[in-house]
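Notes for the one structure printed next.
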Number of protein chains: 2
Amino acid sequence: MEPFQFKSQENLSLRQRVINDIKNAILHGHLKPGDKLKELEISQQMSVSRGPIREALRDLEAMGLIVSSPYRETMVADVRKDEVVDLLIPVRLQLEMFAIKQNQLKMDDTFFDKMKIIVDHMKIAADQGDLYELVEDDIRFHEHVLALENSSYTTQIWSGIVNRLRLHFIKNTSRLTDLQKVVNDHIALMEVLRTGTIDRIETIWATHIQDEDCLLCFE
Amino acid sequence: MEPFQFKSQENLSLRQRVINDIKNAILHGHLKPGDKLKELEISQQMSVSRGPIREALRDLEAMGLIVSSPYRETMVADVRKDEVVDLLIPVRLQLEMFAIKQNQLKMDDTFFDKMKIIVDHMKIAADQGDLYELVEDDIRFHEHVLALENSSYTTQIWSGIVNRLRLHFIKNTSRLTDLQKVVNDHIALMEVLRTGTIDRIETIWATHIQDEDCLLCFE
DNA sequence: TCATGATCGATTGTTGACAATTTACAAAGC
DNA sequence: GCTTTGTAAATTGTCAACAATCGATCATGA
């Protein structure tokens with residue numbers, strides 16, 4: 001039995017909370033590409049001064065979720081299809097394979113236990129037909145792999161890319177037919193990660209990422 | 001003959017100037033990985049309030065040049081060699097090839113004229129043995145290719161990666177023997193871009209990027 | 001008619017003061 | 001001596017007022 005332990009207080013900075021709020025609004029589709037983001041308006045709605053808002057907007061810009069031009073306007077970013085296919089997907093694959101190749105030794109039981117928890121959670125989301133939560137778990141799964149790599153810059157690029165993929169996803173997808181397939185795919189990924197060779201992992205991984213991202217983007 | 005044209009006034013925001021200053025200090029090696037960056041100190045030295053400084057630091061973090069932890073410290077980032085070889089170089093290649101494949105039609109005479117100016121400038125820098133300026137031109141050359149692509153996010157990732165490559169470069173290189181080779185390489189790149197097939201371009205490009213980045217990193 | 005200049009409202013950029021947090025270090029208790 | 005608890009200095013986070021900039025609108029004059 002584990003000894004009792006307090007959970008760390010979620011004492012996020014205002015800036016971080018603003019980032020989360022806006023990010024959620026975008027990824028839930030409440031804010032759409034082209035929508036304007038005005039500092040004063042947001043600041044009043046959130047009861048936060050403009051300072052943290054400004055910093056949050058800069059961060060969101062770096063995350064690829066918004067674009068801004070000086071003294072002019074800030075708005076939710078848009079993503080073209082060719083960027084998804086020719087840039088985001090290949091680079092994403094490269095990043096994940098880098099993390100895997102570089103850290104095969106670090107994939108111990110603890111690693112796979114945590115991964116399994118994510119997959120189990122995915123299954124629940126799929127059964128309930130909760131698409132948003134399923135996507136969140138999907139991302140958690142791959143982020144768990146990325147986290148093997150110490151370089152925080154790797155994660156930074158990766159999440160920027162995933163953000164943009166999602167941006168395109170929420171714009172173009174209406175319904176996703178087979179939620180169960182997503183779960184099964186990830187079970188297979190976990191399996192090959194545990195037992196497969198690097199080459200085999202790369203094959204499966206490439207298929208999965210192209211398949212999934214395309215599935216989300218072209219339907 | 002081109003019509004006369006004024007250069008746009010460099011009326012940069014304070015934030016942008018702070019970014020440039022700190023970036024230069026890092027890329028010139030005046031600030032080294034691990035060096036602490038304190039808001040108040042910088043603010044006093046530059047005679048600018050802390051606001052723009054803070055925003056600049058956030059931007060530099062997104063550019064991969066510094067790392068920070070809340071309420072704690074902000075310092076110049078470090079880059080590991082395996083990140084350079086296995087991540088930065090391959091992703092960089094992917095990005096540049098994306099820009100090239102996507103925009104072959106846009107490479108008109110104007111495009112190559114501007115490219116030639118950069119190469120000429122490079123030659124001067126090489127003759128004068130000005131390594132820093134040569135590197136700057138090198139980056140301008142590739143940035144010129146990247147600029148073909150409208151998606152600003154492409155450039156954003158790319159320059160982050162180049163920043164980190166340079167970060168590693170200035171740490172590890174003492175002298176670069178053959179500056180002239182860099183110039184000749186880029187002349188060859190320009191040539192193949194003008195006349196070669198995609199496959200041929202990709203081959204040459206891959207060799208160049210791996211060669212150059214490695215040259216800088218392993219000597 | 002149309003280029004130029006003036007003005008205004010909306011929005012972003014900048015500032016200096018104040019609040020919150022962390023770390024290091026000294027004091028107190030065992 | 002060792003751990004725990006209080007305190008102070010350094011640093012970052014937040015705020016609200018002020019300044020600068022932009023686009024739209026309208027007036028002016030050749």
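In this text the structure is predicted, and so the values were computed from the model without any measurement. Below, chain A is the first sequence line, B the second, and so on; all start at residue 1.
Side-chain contact check for B:Thr155 and B:Ser152: no donor-acceptor pair (N or O, by modelled atom type) lies under 3.5 Å.
Side-chain proximity of A:Arg50 to C:dT12, D:dT14, C:dT21: nearest is C:dT12. Ranking D:dT14, C:dG13, C:dT12 by closeness to the B:Ser13 side chain, first place goes to C:dG13.
Among the protein residues, B:Gly51 comes within range of the nucleic acid bases, having at least one heavy atom under 4.0 Å from a base atom.
Sorted by first and then second residue, the pairs that involve residues 143-156 of chain A and meet salt bridge (charged side-chain N to carboxylate O under 4.0 Å, His left out), not counting sequence neighbours, are A:Glu149-B:Arg80.
Proximity of A:Val162 to A:Trp158: side-chain heavy atoms (C-beta onward) are separated by under 4.5 Å at one or more points.
With the nearest nucleotide of DNA chain D identified for both A:Arg72 and A:Leu14, A:Leu14 has the one nearer the 5' end.
DNA chain C lies under 4.0 Å from at least one heavy atom of each of the following residues of residues 30-49 of chain B: B:Val48, B:Ser49.
Residues B:Leu167 and B:Ala77 share a closest heavy-atom pair of CD2-O, 3.5 Å.
Between A:Arg58 and C:dG13 there is a side-chain N or O to OP1 or OP2 distance below 4.0 Å. Put simply, B:Arg54 has a side-chain N or O that comes within less than 4.0 Å of OP1 or OP2 on D:dG13.
Between B:Glu202 and B:Lys101, at least one side-chain N (NZ, or NE/NH1/NH2) sits under 4.0 Å from a carboxylate O, which counts as a salt bridge. A salt bridge links A:Glu133 with A:Arg140; the closest basic N to acidic carboxylate O contact falls under 4.0 Å.
One can place OH of A:Tyr71 at 18 Å from P of D:dA24, the figure rounded to the nearest angstrom. Look at CD1 on A:Ile53: it is 15 Å from C1' on C:dG13, rounded to the nearest Å. One interatomic measurement links the two molecules: CD of B:Glu73 to P of C:dT21, which rounds to 19 Å at whole-angstrom precision. Following rounding to the nearest Å, B:Arg15 (CZ) and C:dT15 (C1') show an atom-to-atom distance of 16 Å. Note: CD (A:Gln16) to P (D:dT12) measures 18 Å, nearest angstrom.
For the pair B:Asn163 (side chain) and B:Ser159 (backbone), a donor-acceptor distance under 3.5 Å is present.
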